[in-house]
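Below: one structure, written as structure tokens.
Quantities reported herein were computed from a predicted structural model and do not represent experimental measurements.
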Amino acid sequence: MLKFYLKSLILIIITLVILKACDSFIIHDELLHYNIEKFKKEIDSYDFIYLGNSLTRRSYNAPYIDSILNTKSICLASEAQHFYITNSIFEDFIENENLYPKKALIITLSPWQFKVLNEQKWWHFLQMSALDEISFSKNYYSNVNEFYNYKDFPKILSTTIRFHNEIPSQIVQTSNKMKVFNITDPNGFVLGINSKLNESQREEKKDILSYVDSYSKSIAETQPKELSDKSVEVLLNVIEKCKSKGIKLIFITPPSIDALYYSGEFGQRKFIKDFLNQYNVSYIDFNQKFKEIGLTFDDFNDFAHLNKEGNKKLAPFMVDFLAETLNVEIRKNTERKNKVIADKDSLNNTITDEDNLAKHVLEFSSWGKVGIISKTLNPEEVQIERDVNVKSSFVHTGDIIVDEDEIYEARINVKTSIEDAYIGVRILGKYPDRVDAIFDIKNQKVMDFNTYGNFTSGEANVELSKNNTIVCKVKSRVKGEKLKVLLGPTSILNKLPSWEAQSDNTSAVTIMPLSLVFKKAND
């Protein structure tokens with residue numbers, strides 16, 4: 001009998017080891033998993049940490065906000081995340097001072113986040129994705145006991161068991177990992193949703209304007225409806241710990257059509273607002289600015305979530321609110337309420353508004369450098385020299401968000417030279433889409449020019465400028481939604497399309513990074 005028990009124990013241990021090994025490859029929510037891992041490993045802490053649910057992922061246009069406020073953000077949200085789970089993620093990092101946000105912790109807040117989970121399996125299923133990322137603790141077990149019964153434990157503890165008969169069709173972030181990252185911001189924001197409400201949905205909510213007009217008044221006139229004791233306890237836990245640790249806390253309710261219609265939640269919304277005001281916590285309900293933001297049916301993917309156009313509209317109002325709340329300086333010379341070009345991509349993305357570029361695109365210290373030896377000559381001039389020991393040499397901006405199938409022009413000032421000197425300039429989309437030009441700096445002329453892939457209708461030219469500089473300009477009709485500008489010293493021997501390729505030529509060129517202009521051009 002003893003042998004039987006020993007064999008059984010060994011079998012159980014082997015099974016558990018195999019399950020854990022498999023679990024490491026089967027990630028329920030790859031986006032959340034990736035960002036929590038990145039967050040914990042980051043040497044330099046983030047300015048803004050966003051917590052919450054799908055509204056957090058889909059509403060806050062962090063690339064735009066960061067470009068205007070010169071900040072860095074990360075989103076640790078998951079779909080339909082209950083506030084108790086949000087509190088557990090908060091508890092996981094709040095004791096580590098190195099992980100504190102420099103400027104603010106921003107948490108999405110709505111009454112439904114405190115509800116008792118109903119019997120719908122999908123809601124319980126989605127909570128598991130965040131539970132996977134929470135360390136084993138009192139909070140972890142409290143959530144498990146709150147949401148599940150003992151029959152669910154195997155699925156909770158093992159993603160392999162959870163998806164044993166559904167691999168990989170139901171694991172969107174695992175089976176289509178690369179696709180997901182291509183349409184999302186790597187720091188956790190999902191801003192590339194293009195779909196809009198269909199006709200039947202629009203017809204269902206056709207009287208929306210009356211609800212928009214009455215929303216604020218209805219909230220003000222409604223009797224507060226308290227949250228459960230545990231909900232208040234959890235909410236207060238976040239507030240008090242942030243205050244004790246000197247962390248600025250901001251709660252935000254993003255705009256949604258559902259919020260305007262669900263009068264059954266108005267009392268809880270009133271309670272939440274009064275409760276946060278009582279503890280002097282910053283809070284804004286953007287549903288009260290629905291009309292001011294200019295939101296329409298075209299700005300929503302469904303009744304709850306903004307699409308790409310909607311989060312573009314919300315972004316300038318977020319900037320204003322955060323700047324005022326935190327006394328953060330807004331980048332000058334930017335018309336924030338004019339046309340905003342923003343999208344779904346990485347933290348390095350910037351925003352273009354007419355011919356303005358974000359600070360981290362204009363500042364040379366923020367550019368990428370490949371095989372380049374650089375020397376700052378003065379606040380406006382940087383000398384860049386090719387490293388002959390590497391295969392490619394160039395510098396490049398961060399991503400720039402653009403409109404599809406439009407003509408864009410990049411131009412930059414380059415110091416003239418009495419010696420032979422050449423510079424290559426490229427507008428790069430998704431390989432092989434690009435436009436290239438090589439400029440002869442000494443003789444102030446275009447040496448070579450061409451478009452590749454899906455880029456068409458381009459040209460390049462040189463313009464004599466003041467202060468002993470020339471303006472190198474290249475433009476093309478572009479494809480894709482994000483571009484980079486590349487440039488670097490090259491050789492007379494290097495031909496298109498490989499001006500950046502290895503060369504024995506070590507001559508340096510002097511550029512003026514702050515002169516870089518990238519904008520739509522006329523046909």
Practice task
Identify, with sequence neighbours excluded, every residue that meets side chain to side chain contact (heavy atoms under 4.5 Å, CB included) alongside D92.
Solution key: K40, I134, S135
Completion exercise
Sequence neighbours excluded, the answer for side chain to side chain contact (heavy atoms under 4.5 Å, CB included) partners of N198 is S200, Q201
Practice task
Answer yes when D298 and K308 have at least one side-chain N-carboxylate O distance shorter than 4.0 Å, and no when they do not.
Solution key: no
Practice task
Return the orientation label for the Y50 and F48 ring planes: parallel under 30°, perpendicular over 60°, tilted otherwise.
Solution key: perpendicular
Practice task
Quick one: list whatever passes side chain to side chain contact (heavy atoms under 4.5 Å, CB included) with N327, sequence neighbours left out.
Solution key: none
Handout entry: Test item: S158 side-chain N/O and K155 main-chain N/O as donor-acceptor pair under 3.5 Å
Key = no
Problem - Closest approach of P111 to Q268 (non-hydrogen atoms, all atoms of both residues) - result: CB-OE1, 3.3 Å
Handout entry: Which residues share a ring pair (Phe, Tyr, Trp, His ring centres under 6.0 Å) with F136, sequence neighbours left out
Key = Y140
Problem - Non-neighbouring partners of L428 that pass side chain to side chain contact (heavy atoms under 4.5 Å, CB included), sequence neighbours left out - result: R426, R434, L486
Practice task
Check L306 against P255 and note the closest heavy-atom contact, atom names and distance.
Solution key: CD1-CG, 4.1 Å
Exercise for the section: In plain terms, say whether R162 and D132 are close enough for a salt bridge, that is, a side-chain N and a carboxylate O under 4.0 Å apart. Expected result: yes
Practice task
Supply the atom-to-atom distance Y141 OH to L131 CG, rounded to the nearest 0.5 angstrom.
Solution key: 11.5 Å
Problem - Spatial distance of atom CD1 (I257) from atom CD (E204) [nearest 0.5 Å] - result: 10.0 Å
Handout entry: Heavy-atom pair of closest approach, residues S59 and L314
Key = O-CD2, 3.4 Å
Exercise for the section: Give a yes or no on whether the backbone of E233 and the side-chain of N237 come within a donor-acceptor separation of less than 3.5 Å. Expected result: no
Fill in the blank from the handout: Taken in chain and number order and not counting sequence neighbours, the residues that satisfy ring pair (Phe, Tyr, Trp, His ring centres under 6.0 Å) with F290 are F300
Problem - Heavy-atom closest contact (S54 atom, H305 atom, distance) - result: OG-NE2, 2.6 Å
Completion exercise
Of N287, L55, T56, the one forming a side chain to side chain contact (heavy atoms under 4.5 Å, CB included) with P254 is L55
Practice task
Kindly compute the distance separating NZ (K270) from OG (S218), expressed to the nearest 0.5 Å.
Solution key: 11.0 Å
Exercise for the section: List for me each residue that meets ring pair (Phe, Tyr, Trp, His ring centres under 6.0 Å) alongside F153, sequence neighbours excluded, and say none if there are none. Expected result: none
Exercise for the section: Evaluate the ring planes of F93 and F90, with Trp represented by its six-membered ring, and classify them as parallel (under 30°), tilted (30 to 60°) or perpendicular (over 60°). Expected result: perpendicular
Problem - Interatomic distance, L51 atom CG to L76 atom CG [nearest 0.5 angstrom] - result: 5.5 Å
Handout entry: Side-chain (N143) to main-chain (N139) donor-acceptor, under 3.5 angstrom
Key = yes
Practice task
Please check if atom CD in E37 has more than 12 non-hydrogen atoms from other residues, nucleotides or ligands closer than 6.0 Å.
Solution key: yes
Exercise for the section: Identify, with sequence neighbours excluded, every residue that meets side-chain hydrogen bond (donor to acceptor under 3.5 Å, both in side chains) alongside N301. Expected result: R58, S195
Handout entry: Side-chain donor/acceptor of Y100 to backbone N/O of I247, under 3.5 Å
Key = no
Practice task
State whether the side chain of S228 and the backbone N or O of S231 hold a donor-acceptor pair below 3.5 Å, judged by distance alone.
Solution key: yes
Problem - Flag, side chain of R269 to backbone of S110, donor-acceptor distance under 3.5 Å - result: no
Handout entry: Cation over ring face, K225 and F271, 6.0 Å, 45°
Key = no
Problem - Distance-only side-chain donor-acceptor flag, T71 / D66, under 3.5 Å - result: yes
Handout entry: Pairs satisfying salt bridge (charged side-chain N to carboxylate O under 4.0 Å, His left out), at least one member in residues 94-116, at least two apart
Key = D44-K102, E95-K245, K115-E265
Handout entry: Minimum heavy-atom distance S78-L32, with the two atoms named
Key = CB-CD2, 3.8 Å
Exercise for the section: Please confirm whether the backbone N or O of V402 pairs with a side-chain atom of K482, one donor and one acceptor, at under 3.5 Å? Expected result: no
Practice task
Please list, chain by chain and in numerical order, all residues satisfying ring pair (Phe, Tyr, Trp, His ring centres under 6.0 Å) with F147, sequence neighbours excluded.
Solution key: H82
Handout entry: Pair E146 + K230, salt bridge at N-O below 4.0 Å
Key = yes
Practice task
Flag the pair K196 and D299 as a salt bridge only when some basic side-chain nitrogen lies within less than 4.0 angstrom of an acidic carboxylate oxygen.
Solution key: no
Problem - All side-chain hydrogen bond (donor to acceptor under 3.5 Å, both in side chains) counterparts of D258, not counting sequence neighbours - result: none
Practice task
Hey, could you give me each pair passing ring pair (Phe, Tyr, Trp, His ring centres under 6.0 Å) that has a residue in residues 212-266? Not counting sequence neighbours.
Solution key: Y211-Y261, Y215-F266
